[in-house]
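Data first, discussion second: the structure below is written as structure tokens.
The residues of the chain are indexed from 1 along the displayed sequence.
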Amino acid sequence: MITELSGQIERITFTNEENGYTIGKLKVPGRQDLVTIVGTIMAPAPGEVLKLRGQWVQHPKYGLQFNVIEYHTEVPATVNGIRKYLGSGLIKGLGPVMADRIVSKFGDKTLQIIESQIKRLMEVDGIGHKRLQMIQQAWIDQKDIRDVMLFLQSHEIGPGYAAKIFKQYGNRSIAVVTNNPYRLASDIFGIGFLTADKIARNLGFLDDSPQRVAAGVLYFLNQKTEVGHVFFPLESLVDNASAMLGVPREAIHNAIAQLAKEQKIAHENLKDIPEISATGSPAIYLRLYHVCEVGIARRLKGLQATGKSIRTVNTARAVEWVQQRLNFTLAVNQVKAIRCALQEKVTVITGGPGTGKTTIINAVLKIFRKMRVGVLLAAPTGRAAKRLSEAAGHEAKTIHRMLEYSLKKGGFQRNVDRPLDCDALVIDEVSMIDTILMYHLLNAVPHYATLIFVGDVNQLPSVGAGDVLKDLIVSDTIPIVRLTDIFRQARQSQIVVNAHRINSGQMPQLNNHGAQQNDFFFIQQEKPEQVVQTIIELNQMRIPKRFGMDARNDIQVLTPMHKGLVGAGNLNRQLQLRLNPDGREVVRGERHFRVNDKVMQIRNNYDKDVFNGDIGYIEHIAVEDQEVVVSFDNRKVLYDYVELDELVLAYAISIHKSQGSEYPAVIVPIVTQHYILLQRNLIYTAVTRGKRLVVIVGTKRALAIAINNDKTSRRYTHLKHRLRAG
């Protein structure tokens, strides 16, 4: 039986941002006990007054509940209701303390004052011009955003996206969504093609509408770049996009022609790619990736063809001099690398852990300083740059910072027209650099500069599209020095020894007898539940107690997967519960962020100068201002509540996200449930992240599966062929 119910939200037990599903407690006049309400409610907040239509049901476990069919938000009528409403965090700039002051001043006329005489709020202690403006804007936005939410809900779209859409388009939100909902997929992080398509369908867009098909093709190509492809063969693209969108192949061809005309994609016949040359079918690139791949090859060839500003030196004497300064004899390949760096215009130095890459960088830097050569050092991530600075005794920056990226000024400020000021440039962790970043880097290298790339080609390729370091090496057009010898000091570490065993296809030494340094351990656990429990015990007690490490700052769990019992999502929930169970928090859907939590940025945010994979710690949560302060290497970064989908908990992270970083201790779960992702370079990358301790938890069978699988996923790139072409 359908009935009506009115009351004020007392608290929210659960809400899902994606679909609006909410469980909450309602204070109903005349009822002594709180009423449990269940249903779709848009961005519910304690203190809101709701008028509901629905029906009572008896849940077998949770008892009597009111299932919401529809509802309307009303203005709280009582002073206490207004106080709770304003203090709920719904209005930015107002928290419980300030709400109490305002209501104490204006009583039941409070909301009327805010609506029509808002300047009177300055009569309240603690409210000045700045806070007044914040409250006024938030009051307006709150009303406007509810219009957007109601519009989206009427088209079966949950409230989780409303704040993002409103933040992007403001008062134009409804007009933009109505005219072309597919814009959302490209304009707003977190709203992909599938969500935009759902909105479009509910707005009446047909399956074969040109806007939908074109957006679908771009979505498919973007999906392919996310798994590493720089281009995709036309015939495969047409087949896949046609099946995905449920439209004829002709519609896909028409969309591709139109996108090419609009210069959003590029196509090229690539004779060196079997899948393309055999069919005569061209490669299809997103325009940006074509420009970047062609540009990388052109810039590298140009650099190699021009002279350098560094004067010619006697390399034998330079090597002898630097060995005296280092006070030890360099290995044959190290000497070769130094000579290459001094003689060649562009050099690639690659090798695994313990093979002396850092020693070479230090030696080259000493020689360059003696020669008064202007040198810049850089790495792709903040952690990698910091580690390079510490190892080399020379300032190193992230590539983005070195190239002076500015969102306000429209991109990288160092480029062809304003190149870097250096005679030599050393770039570390090159395996992490994707096609787009390499293009911008090379654009900023002066034509006279010496360029030295350092990296480990056996690690996982870049998260972004391309396989740049590997392509540079296999093109055989650039001088390459491969470091293979493990030095005596490094051989004391089981981490280093086992990393090289894994890389050569051998099982690591799992018994530590006779090892001079017990820094590598394997714990056999068959069941995923046991793996999770062991990881918790290692984090919480065993490693801190035995090795004196801090559970939050020194220990990093690296897992192959995001989902599942031993995936990053569940491990983060379990570790947060043990390591940081209490304190002020903000809840976003199923995610709970607390003060002192370890978090990771999951997208490049140039405006905030934080990048995909950066790890920080939550320092402060401001309920009134709806802001969270995160510290990244002692630099404070402010996040609005609606930006929190850029953060995830980071007690456990994927192995891919760990590239370029080192941690005092790493714990790596390896179970057969990860079968699809078990690859040699994945395990090799995880093991080489640990500086002082590596613990693998799982089964020997899963470990053997990974080590025996050296077939890395094919990435469609054409860079090596472009470099070889005359």
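When all heavy atoms of L538 and P544 are compared, the closest pair comes out as O-CD, 3.4 Å. What you find for K25 and T36 is that their closest heavy atoms are NZ-OG1, 2.7 Å. Minimum interatomic distance between I41 and I37 (heavy atoms only, all atoms of both residues): CD1-CD1, 3.9 Å. Shown here for L579 and A551, the closest heavy-atom pair between the two residues is CD2-CB, 3.9 Å. When all heavy atoms of Y182 and A196 are compared, the pair lying nearest together is CA-CB, 4.1 Å. Scanning all heavy atoms of the two residues, the minimum distance from A251 to V213 falls at O-CG1, 3.5 Å.
The environment of K27 atom NZ is sparse: at most 12 non-hydrogen atoms of other residues, nucleotides or ligands sit within 6.0 angstrom.
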**Verdict with reasoning, E526 to V531, per side chain to side chain contact (heavy atoms under 4.5 Å, CB included)** = CA-CA 7 Å; E526 296 287 340; V531 172; over 6 Å; no
**Request:** Check the pair E585, H592 against side-chain hydrogen bond (donor to acceptor under 3.5 Å, both in side chains), reporting the backbone distance first and the verdict last.
**Result:** CA-CA 7 Å; E585 71 174 18; H592 292 241; 3.1 Å; yes
**Asked** Does the side chain to side chain contact (heavy atoms under 4.5 Å, CB included) test come out yes or no for D640 and E643, once each step is laid out?
**Response** CA-CA 5 Å; D640 194 273; E643 298 174 313; 3.6 Å; yes
**Prompt:** Would E10 and Q8 count as a side-chain hydrogen bond (donor to acceptor under 3.5 Å, both in side chains) if you check the C-alpha gap in whole Å, the side-chain angles of each, and the deciding distance to 0.1 Å?
**Reply:** CA-CA 6 Å; E10 185 72 19; Q8 188 168 34; over 6 Å; no
**Full working for side chain to side chain contact (heavy atoms under 4.5 Å, CB included) between V124 and F106** = CA-CA 9 Å; V124 177; F106 300 113; 3.9 Å; yes
**Item:** side chain to side chain contact (heavy atoms under 4.5 Å, CB included) evaluation trace for V630 with H620
**Value:** CA-CA 7 Å; V630 180; H620 181 63; over 6 Å; no
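Every residue two or more places apart in sequence or in another chain that forms a side chain to side chain contact (heavy atoms under 4.5 Å, CB included) with E4 is listed here: K51, R53. Judged as a salt bridge (Lys or Arg N to Asp or Glu O under 4.0 Å), and not counting sequence neighbours, D554 has no contacts. Partners of Q211 by side-chain hydrogen bond (donor to acceptor under 3.5 Å, both in side chains), not counting sequence neighbours: none found. Residues forming a salt bridge (Lys or Arg N to Asp or Glu O under 4.0 Å) with K109 (at least two apart in sequence, or on another chain): none.
Side-chain contact check for D597 and N580: at least one donor-acceptor pair (N or O, by modelled atom type) lies under 3.5 Å. Side-chain contact annotation: Q601 with N612, donor-acceptor N/O pair under 3.5 Å absent.
A heavy-atom distance below 4.5 Å is found between the side chains of R701 and T672. Using a 4.5 Å heavy-atom cutoff, the side chains of Y651 and I555 are not in contact. Here the side chains of V648 and F593 are not in contact, with every heavy-atom distance at 4.5 Å or above. Counting heavy atoms from C-beta on, the side chains of R212 and D207 come closer than 4.5 Å. Taking the side chain as every heavy atom from C-beta outward, I618 and V628 approach each other to under 4.5 Å. The side-chain heavy atoms of I536 and N539, taken from C-beta on, include no pair separated by under 4.5 Å. Looking at L649 and K598, their side chains never come closer than 4.5 Å, going by heavy atoms from C-beta outward. Under the 4.5 Å side-chain criterion, counting only non-hydrogen atoms from C-beta, V629 is in contact with K636.
Side-chain N or O atoms of D614 include one that pairs as donor or acceptor with a backbone N or O of F611 at under 3.5 Å. Panel note: side chain T559, backbone V566; a donor-acceptor pair is recorded below 3.5 Å. A donor-acceptor contact shorter than 3.5 Å is absent between the side chain of S209 and the backbone of F205. Between the T110 side chain and the G107 main chain, a donor and an acceptor come within less than 3.5 Å of each other.
Taking CG of N572 as the reference point, atom CD of Q576 lies at 8.0 Å (rounded to 0.5 Å). Once rounded to the nearest 0.5 Å, the distance linking CD1 of I523 with CD1 of I535 reads 9.5 Å. Residue R11 holds its CZ atom at 11.5 Å from CG of L26, rounded to the nearest 0.5 Å. Atom CD1 of I653 and atom OG of S661 lie 6.5 Å apart (nearest 0.5 Å). Here S654 contributes atom OG and L682 contributes atom CG; the two are 9.0 Å apart, rounded to the nearest 0.5 Å. The CG atom of L184 sits 11.5 Å away from atom CG of D197, with the distance rounded to the nearest 0.5 Å.
For residues 529-543, the set of pairs meeting the salt bridge (charged side-chain N to carboxylate O under 4.0 Å, His left out) definition, not counting sequence neighbours, comprises E537-R542.
Using cut-offs of 30° and 60° for the angle between ring planes, the F66 and W56 rings count as perpendicular.
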Donor-acceptor pairs under 3.5 angstrom involving side-chain atoms of residues 214-227: please list them, not counting sequence neighbours.
residue : atom : partner : partner atom : Å
N222    : ND2  : L218    : O            : 3.0
T225    : OG1  : N222    : O            : 2.6

